[in-house]
Amino acid sequence: MQVEVADKVGMTHSVYKAIEEGFTQHIDPEKVERLAQFYDVPVTDFLDEFNHFLYDGQAIRIRAYRESFGLGKKPFARKMGIPVRCLQEWESGRKVISIKCWERHFKGRA
């Protein structure tokens with residue numbers, strides 16, 4: 001059955017299996033939307049807290065969190081102890097934040 005579902009939603013069996021078994025850290029939004037359509041359930045049924053953060057838009061959530069302090073990128077990065085370059089890439093959406101960085105700096109906050 002996993003092979004058939006994976007094929008119908010356009011992903012490999014290994015990716016589908018990892019999602020189903022909770023072994024994937026980042027779920028591609030397009031893939032999760034196809035799964036939700038296939039099963040006729042809300043997308044959020046497939047998302048843990050981290051993937052919900054990504055699906056809602058990490059860039060928007062991180063930027064809003066930073067702006068809630070009234071800080072620019074450099075002062076905020078210093079305050080959080082993260083490289084400015086990482087913050088810039090997360091806020092631009094060019095780079096997906098790792099689960100470890102998210103847990104350390106944004107979980108339950110942004």
Taking the side chain as every heavy atom from C-beta outward, state whether Ile19 and Met11 have any atom pair closer than 4.5 Å. yes
Quick one: do Glu67 and Arg63 make a salt bridge, cutoff under 4.0 Å? no
Val32 vs Asn51, test: side-chain contact (heavy atoms from CB on, under 4.5 Å). Steps then yes/no. CA-CA 10 Å; Val32 78; Asn51 279 288; over 6 Å; no
Starting from the C-alpha separation in whole Å, work towards a yes-or-no answer on side-chain contact (heavy atoms from CB on, under 4.5 Å) for Gln58 and Trp102. CA-CA 10 Å; Gln58 84 170 20; Trp102 170 77; over 6 Å; no
If I take atom NE2 from residue His13 and atom CD from residue Gln2, how far apart are they, to the nearest 0.5 angstrom? 4.0 Å
Give the ring-plane orientation class for Phe53 versus Phe106, where under 30° counts as parallel, over 60° as perpendicular and anything between as tilted. parallel
Roughly how far apart are Glu89 CD and Arg85 CZ, rounded to 0.5 Å? 4.5 Å
Report, as yes or no, whether the 6.0 Å neighbourhood of atom NZ on Lys8 holds more than 12 heavy atoms from other residues, nucleotides or ligands. no
Should Glu33 and Tyr55 count as side-chain neighbours, where that means a heavy-atom distance under 4.5 Å? yes
Minimum heavy-atom distance Ala6-Thr12, with the two atoms named: CB-O, 3.7 Å
Within the side chain of Arg61, is there an N or O that forms a donor-acceptor pair under 3.5 Å with the backbone of Ala110? yes
Shared hydrophobic cluster for Phe76 and Val84 (ILVMFWY, side-chain gaps under 4.5 Å): no
Distance (rounded to the nearest 0.5 Å) between Ile62 CD1 and His105 NE2: 10.0 Å
How long is the span from the CG atom in Leu71 to the CZ atom in Arg78, to the nearest 0.5 Å? 9.5 Å
Glu30 CD: over 12 foreign heavy atoms closer than 6.0 Å: no
Compare all side-chain heavy atoms of Lys95 with those of Gln88 and state whether any distance is below 4.5 angstrom. no
Closest contact, heavy atoms only, Gly93 versus Ala59: N-CB, 4.1 Å
Are Asp48 and His52 close enough that a side-chain donor and a side-chain acceptor fall under 3.5 Å? no
Using the six-membered ring wherever Trp is involved, compare the ring planes of Tyr39 and Phe46 and label them parallel, tilted or perpendicular (cut-offs 30° and 60°). tilted
For a 4.5 angstrom cut-off between non-hydrogen side-chain atoms, does Ile97 reach Phe50? yes
Heavy-atom check, side chain of Cys86 versus side chain of Trp90, under 4.5 Å: yes
Hydrophobic clustering (ILVMFWY, side-chain heavy atoms < 4.5 Å, transitive) - are Leu47 and Ile60 grouped together? no
To the nearest 0.5 angstrom, please state how far the CZ atom of Arg34 sits from the CD atom of Gln37. 9.0 Å
Return the minimal non-hydrogen interatomic distance between Pro75 and Gly72, and the atom names on each side. CD-O, 3.4 Å
Got a second to check how far Leu87's CG is from Met80's CE, nearest 0.5 Å? 9.0 Å
Answer yes or no: is there a side-chain heavy-atom contact under 4.5 Å between Val5 and Leu35? yes
